[in-house]
J.: 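Just dropping this structure here.
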Amino acid sequence: MAYFYEEPSHTFGEYLLVPGYSSVECIPQNVSLKTPVVKFKKGEQPPLSMNIPLVSAIMQSVSNDKLAIALAKEGGISFIFGSQTIENQAEMVAKVKNHKAGFVTSDSNIRPDQTIAEAIALKEKTGHSTIAVTEDGTPEGKLVGILTSRDFRIDRTSPNSKISEYMTKFADLITGSDGITLQQANDLIWKHKLNSLPIIDKNGRMKYLVFRKDYASHEEHPLELLDAQQRYIVGAGINTRDHMERVPALIQAGADVLCIDSSEGFTEWQARTLQDIHSAFGSSVKVGAGNVVDREGFLFLAEAGADFVKIGIGGGSICITREQKGIGRGQATATIEVAKARDEYYEKTGIYIPICSDGGIVHDYHMTLALAMGADFVMLGRYFARFDESPTNKLNVNGNYVKEYWGEGSNRARNWQRYDMGGKTQLSFEEGVDSYVPYAGSLHDNVGMSMSKIRHTMCNCGALSIQELQEKSRITLVSQASIAEGSSHDVIVKNTTIRAE
């Protein structure tokens, strides 16, 4: 006879945090959201931590290089989606690693013998008005000049005129040498009243552009997540099929952490994948695994060598695994049980394996609940899909701006490797949907607001760190009537613009 759990599983929406004592030191400015990403031994520092407890989902409609850079600026990590060719994924990772904080690889480049018409077309394509003029028109070519919108007037310039006639020639440019610090570059920009500073190597070849506006942006991101070479931290998703070909390319590209992208992690396939990678590349290559929903699943992956464990099956907004297969568990219950198993494993072995709650986050306060229940960080898909930096199209549907969002188990993504149970190399049936989400603006503004809510809630609980939140939190189940009571009720709400959570 099947085993029956005595208690039903619960979601985050069924819980509330009960306020605790707050001291005068417990103010949002004093709260640290720093959290470990990969396992470490008792008494040691984690090899990799984040400054905010957010990672982006391993999805085509969420995590590309643009979003990875934006999230790293805020202090989190994006996992570049693996349901693409090895070459394309490695290229995305490399773009993030080459995008040094404040140093931009030029994406608008042209040859001096090309025309103004071609420069205008390039500006319309990239949206950037500063164009590097190189001998061969490539981002790494020898710099011969810079063309900006101030160098010519469209209504007074023949579209067939050559770039060389209007560009600021190399001899008249102020440039920086490769190896210059961001502060030194900024000093040159202000000294010479520049909008941008080309950075070249000893042979005069283009390396980067430093923009005045980007330095200001750099100062606005005090929590940005950088490696020892001042490059942004980035993750990448892998599967259990081609990992031995994919992982070397991702390591070469500079990926800081990997994660097995699978709908179900309590499998021999994941154990084999972890063993293969650690045997071939050593323990310095960090690999997360999952997803699991109970103690047994966590312990299995912990013993298999996972550097972090991901929790959640069927709780995502575009996931239909539960209705298609009847498999899953309420995200709150799963997080609570796995967190207890994590703590028991730490007491027994002295090895702390971080856990990531993946799915079930509808409102910002659900993030705080997940952390209070034991998660070290949360993985989000829908949340990030709404932002300017996500890779999907922004559309106007019935007068409202939306962005496309589809699951890896949908026919659009056809990521059969994520749902691989061995056998045929194809998606047997859909486990995800193709949808829209309300457009929400920039990642910076929204993540800033969400983290502010978490910090304020932690202060209500008397906690200045995530670890302290987990130790001090008091959590209560709520009735349906309590949930209704928690929203505006018995009033007529004025027409307002409501920000999507």
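Quick note: residue numbers are just sequence positions, from 1.
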J.: Could you measure the distance from the CG atom of D242 to the CD1 atom of I86? Nearest 0.5 Å is fine.
T.: 4.5 Å
J.: Quick one: does any side-chain atom of S450 pair with a main-chain N or O of N446 as donor and acceptor, under 3.5 Å?
T.: yes
J.: Where do D201 and R205 land on the salt bridge (Lys or Arg N to Asp or Glu O under 4.0 Å) test, with the steps shown first?
T.: CA-CA 5 Å; D201 65 15; R205 302 181 73 85; 5.1 Å; no
J.: Between CD1 of I116 and NZ of K162, what distance do you get to the nearest 0.5 Å?
T.: 10.5 Å
J.: State, to 0.1 Å, how close M367 and L380 come at their nearest heavy-atom pair, and which atoms those are.
T.: CE-CD1, 3.8 Å
J.: Working note: Y405 + V62, criterion side-chain contact (heavy atoms from CB on, under 4.5 Å); need CA distance, chi angles, decisive distance, verdict.
T.: CA-CA 8 Å; Y405 180 45; V62 177; 3.8 Å; yes
J.: Taking the side chain from S262 and the backbone from E264, do they hold a donor-acceptor pair closer than 3.5 Å?
T.: yes
J.: Using modelled atom types only, decide if a donor and an acceptor are shared between the side chain of Q84 and the backbone of Q60 within a distance under 3.5 Å.
T.: no
J.: Taking all non-hydrogen atoms of both residues, which atom of G441 and which atom of E389 are closest, and how far apart?
T.: O-OE1, 4.4 Å
J.: State, without any angle test, whether T240 and T273 hold a side-chain donor-acceptor pair at a distance under 3.5 Å.
T.: no
J.: Check the surroundings of atom CG in D155: do more than 12 heavy atoms from other residues, nucleotides or ligands lie under 6.0 Å from it?
T.: yes
J.: State whether the number of non-hydrogen atoms from other residues, nucleotides or ligands found under 6.0 Å of Q252 atom CD is greater than 12.
T.: no
J.: Can a side-chain donor-acceptor contact be found between T457 and T368 if the only test is distance below 3.5 angstrom?
T.: no
J.: side-chain contact (heavy atoms from CB on, under 4.5 Å) between R212 and W190: does it pass, once the steps are laid out?
T.: CA-CA 8 Å; R212 180 193 293 254; W190 282 95; 3.2 Å; yes
J.: Looking at D227 and R231, does any basic side-chain N land under 4.0 Å from a carboxylate oxygen?
T.: yes
J.: So that I can tick it off, tell me whether K394 and D388 are bridged by a salt bridge, with the cut-off set at under 4.0 angstrom between side-chain N and carboxylate O.
T.: no
J.: Can the positive tip of R386 be found less than 6.0 Å from the middle of the six-membered ring of Y383, inside 45° of the ring normal?
T.: yes
J.: List the atom of T335, the atom of I355, and the distance in Å for their closest heavy-atom pair.
T.: O-CD1, 4.5 Å
J.: Between V38 and P47, which heavy-atom pair has the shortest distance, and what is it?
T.: CG2-CD, 3.8 Å
J.: For T126 and S108, what are the C-alpha separation, side-chain angles and deciding distance, and is it a side chain to side chain donor-acceptor pair (under 3.5 Å)?
T.: CA-CA 7 Å; T126 64; S108 298; 2.9 Å; yes
J.: Quick one: pull up CD1 in I58 and SG in C259 and give me the separation to the nearest 0.5 Å.
T.: 4.0 Å
J.: Checking the side chain of K97 only, and the main-chain atoms of Y232 only, is there a donor and an acceptor separated by less than 3.5 Å?
T.: yes
J.: Using 30° and 60° as the class limits, which term best fits the ring planes of Y166 and F152: parallel, tilted or perpendicular?
T.: perpendicular
J.: Go through the steps for Q184 and T181 under the test side chain to side chain donor-acceptor pair (under 3.5 Å), then give the verdict.
T.: CA-CA 5 Å; Q184 290 169 335; T181 67; 3.3 Å; yes
J.: Examine distances only and state if a side-chain atom of K403 and a backbone atom of T392 form a donor-acceptor pair shorter than 3.5 Å.
T.: yes
J.: Within the 4.5 Å heavy-atom criterion, are V234 and D65 side-chain neighbours or not?
T.: no
J.: Check whether any side-chain heavy atom of S129 sits under 4.5 Å from a side-chain heavy atom of T148, and report yes or no.
T.: no
J.: So, taking the atom named CZ in F103 and the one named OH in Y208, what distance separates them when rounded to the nearest 0.5 Å?
T.: 8.0 Å
J.: Which heavy atom of L147 sits nearest a heavy atom of I163, and at what distance?
T.: CD2-CD1, 3.7 Å
J.: Would you say the side-chain atoms of S61 and E404 include a donor-acceptor pair closer than 3.5 Å?
T.: no
J.: Spell out, as yes or no, whether a donor-acceptor pair under 3.5 Å connects the side chain of S164 to the backbone of D113.
T.: no
J.: Determine yes or no for a side-chain-to-main-chain donor-acceptor pair under 3.5 angstrom, with N400 supplying the side chain and N396 the backbone.
T.: no
J.: N51: what forms a side chain to side chain donor-acceptor pair (under 3.5 Å) with it, not counting sequence neighbours?
T.: none
J.: Going from CD1 on I69 to CG on N64, what distance comes out if it is rounded to the nearest 0.5 angstrom?
T.: 9.0 Å
J.: Hey, mind stepping through K286 and D256 against side-chain contact (heavy atoms from CB on, under 4.5 Å) and telling me if it holds?
T.: CA-CA 7 Å; K286 306 301 181 184; D256 297 281; over 6 Å; no
J.: How long is the span from the CD atom in E140 to the CG atom in N203, to the nearest 0.5 Å?
T.: 13.5 Å
J.: Closest heavy-atom contact between H278 and V285?
T.: NE2-O, 3.4 Å
J.: Would you confirm whether E74, through its side chain, and G448, through its main-chain N or O, come within 3.5 Å as a donor-acceptor pair?
T.: no
J.: Taking atom CD of Q229 as the centre, does the number of heavy atoms from other residues, nucleotides or ligands within less than 6.0 Å exceed 12?
T.: yes
J.: Walk me through whether I238 and I277 qualify under side-chain contact (heavy atoms from CB on, under 4.5 Å).
T.: CA-CA 11 Å; I238 60 174; I277 294 171; 3.5 Å; yes
J.: Between D187 and K191, is there a salt bridge with N-O shorter than 4.0 Å?
T.: no
J.: If we check side chain to side chain contact (heavy atoms under 4.5 Å, CB included) with D376, which of these qualifies: P53, S49, P354, P46?
T.: P354
